[in-house]
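Scroll down for the structure; my scribbles are underneath it.
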Amino acid sequence: PGSQIFQEKYQLYLKSLERHKYLNSFAYSSSTSMDAHYGINQFSDLPVDEFISTYLKSYPRRYQTYVKTIKSSTSEGS
Amino acid sequence: LPLRFDWRDKNVVMRVKNQMNCGACWAFSVVGAVESAYAIKGHQPLELSVQQVIDCSYMDGGCNGGSTVSALKWLNQTQTKLVHASEYAFKAKDGFCHYFPCTEFGVSIKGYEAYDFSYCEEEMMKNLINFGPLAVIVDAVSWQDYLGGVIQHHCSSGHPNHAVLVIGYDKTGDIPYWIVQNSWGTLWGAEGYVFIKMGENICGIADFVSFPLM
């Protein structure tokens with residue numbers, strides 16, 4: 001406590017609390033208890049951009065084809 | 001289709017892994033799908049090497065990112081045999097590709113398929129049941145703070161950035177949801193899992209779906 005890195009991490013932690021408040025507001029307004037909940041975890045002291053650049057690194061390539069499926073009338077009917 | 005289906009009930013899903021600071025979610029997702037497909041074929045469940053895919057899948061960027069379909073394409077084209085995880089351990093960083101003699105035990109695939117099920121999650125359910133766990137690419141920006149429950153809001157499609165493994169679904173309750181295994185360790189989410197509402201392509205879960213053929 002008192003060091004610069006502590007202060008930086010603490011500010012990030014406070015920001016994460018704001019995010020949790022916003023994200024959890026959907027659950028509180030929902031009628032079901034199954035809604036997702038958000039809070040403190042191992043990523044709470046990470047800036048969002050660092051979280052994205054470290055952990056979110058998969059992407060479909062443009063040239064790759066994903067066969068598009070169409071909803072059939074049978075499945076709609078059933 | 002059954003109201004609930006979970007490949008963990010058949011003991012063909014390996015434990016939740018931790019990619020640590022290595023951005024190789026794509027490799028974890030693909031290796032998870034291969035491990036399950038191998039076990040579904042009646043073999044003893046095995047943990048296969050993620051590091052082998054990170055180091056050797058030349059169309060991808062190792063810990064700097066990659067694509068599930070590129071990895072499956074590489075596995076299929078080269079008929080690479082994935083060795084046991086203990087033979088080629090995860091180091092959370094890129095390394096040189098190790099080659100093994102043909103006689104070394106390993107698991108190869110017979111093909112792979114890739115689908116966009118964005119308007120047809122029911123078809124995705126059928127594929128999950130018929131072929132095994134599915135490697136998918138989702139938008140996981142809002143997952144930074146996730147602790148549990150079913151994600152139903154503020155998780156858009158159209159910005160794919162993270163690969164995970166769909167291992168089941170549950171439609172018995174008020175909110176039907178996909179059961180998804182992540183690779184951020186068991187301390188994250190619901191013991192390493194995340195649940196995503198079905199039917200609305202939440203997080204783009206049905207946009208980029210692929211799986212190996214064993």
Side-chain angles (χ1 to χ4, degrees), chain A residues 9-78, chain B residues 19 21-26 29 59 61 63-70 73 113-120 122-124 137-155 160-164 173-175 177 184-185 187-189 194-196 207-210:
Chain A
K9 292 280 183 188
Y10 185 63
Q11 289 307 315
L12 289 166
Y13 165 77
L14 293 178
K15 268 189 192 167
S16 83
L17 295 185
E18 288 300 311
R19 275 202 315 272
H20 305 158
K21 200 190 280 183
Y22 168 73
L23 292 167
N24 284 326
S25 65
F26 289 85
Y28 296 141
S29 61
S30 157
S31 55
T32 165
S33 59
M34 288 178 79
D35 223 326
H37 42 280
Y38 300 86
I40 296 159
N41 65 10
Q42 70 266 47
F43 301 131
S44 295
D45 63 354
L46 270 188
V48 174
D49 54 352
E50 195 180 324
F51 169 75
I52 292 171
S53 64
T54 308
Y55 296 98
L56 307 184
K57 304 199 85 156
S58 184
Y59 38 82
R61 299 265 167 76
R62 274 191 198 153
Y63 60 83
Q64 287 167 352
T65 346
Y66 288 80
V67 178
K68 204 165 181 68
T69 52
I70 302 156
K71 209 175 204 177
S72 68
S73 53
T74 349
S75 66
E76 265 180 0
S78 66
Chain B
Q19 66 183 77
N21 287 339
C22 167
C25 52
W26 55 277
S29 161
M59 288 180 279
C63 287
N64 281 317
S67 147
T68 47
V69 168
S70 293
K73 189 175 182 182
E113 291 190 9
Y115 288 101
D116 171 358
F117 289 122
S118 45
Y119 296 101
C120 205
E122 192 147 317
E123 205 61 39
M124 186 167 152
I137 308 182
V138 296
D139 179 348
V141 171
S142 68
W143 294 15
Q144 181 171 0
D145 308 290
Y146 175 80
L147 295 181
V150 182
I151 296 181
Q152 302 172 54
H153 314 283
H154 49 71
C155 196
N161 48 43
H162 182 51
V164 285
D174 293 341
I175 313 284
Y177 59 86
W184 293 343
L187 293 178
W188 179 87
V194 51
F195 310 116
I196 299 173
D207 284 337
F208 304 100
V209 180
S210 56

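Just so it is clear: chains get the letters A, B, ... in the order the sequence lines come, proteins before strands, and each one is counted from 1.
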**Q.** Single hit among B/W188, B/W184, B/W143, B/Y146 for ring pair (Phe, Tyr, Trp, His ring centres under 6.0 Å) with A/F51
**A.** B/W184
Q) Is the distance between the ring centroids of A/Y66 and B/Y115 less than 6.0 Å? A) no
Spatial distance of atom [atom1] ([X]) from atom [atom2] ([Y]) [nearest 0.5 Å]:
X      : Y      : atom1 : atom2 : result
A/Y59  : B/S67  : OH    : OG    : 8.0 Å
A/S53  : B/N161 : OG    : CG    : 11.5 Å
A/R19  : B/D145 : CZ    : CG    : 4.0 Å
B/H153 : A/S25  : NE2   : OG    : 9.0 Å

Q: Would you check if the side chain of B/Q144 reaches a backbone N or O of A/L46 as a donor-acceptor pair within less than 3.5 Å?
A: yes
**Q.** Expected output: side-chain A/S58 to main-chain B/G66 donor-acceptor under 3.5 Å
**A.** yes
Q: Could you have a look at B/A163, B/C25, B/G148 and say which one has the most heavy-atom pairs with chain A under 4.5 angstrom?
A: B/G148
Q. Is the NZ atom of A/K15 crowded by more than 12 outside heavy atoms at less than 6.0 Å?
A. no
Between [X] and chain A, which part of the residue has a heavy atom less than 4.5 Å away: side chain, backbone, both or neither?
X      : result
B/D207 : backbone
B/V209 : backbone
B/Y177 : side chain

Going by heavy atoms in the side chains, are [X] and [Y] under 4.5 Å from each other?
X      : Y      : value
A/V67  : B/E113 : no
B/L147 : A/N41  : yes
B/V69  : A/P60  : no
B/V141 : A/I52  : yes
A/Y38  : B/I151 : yes
B/H162 : A/Y55  : no

Q | Which atoms of A/H20 approach chain B - backbone, side chain, both or neither, heavy atom under 4.5 Å | A | side chain
Q: Heavy-atom distances under 4.5 Å only: say whether A/L23 touches chain B with side chain, backbone, both or neither.
A: both
Q: Locate the shortest heavy-atom distance separating B/I175 from A/M34; write the atom from each residue and the value.
A: O-CE, 3.6 Å
Q: Of all the heavy-atom pairs spanning B/N64 and A/K57, show the shortest one and how long it is.
A: O-CE, 3.3 Å
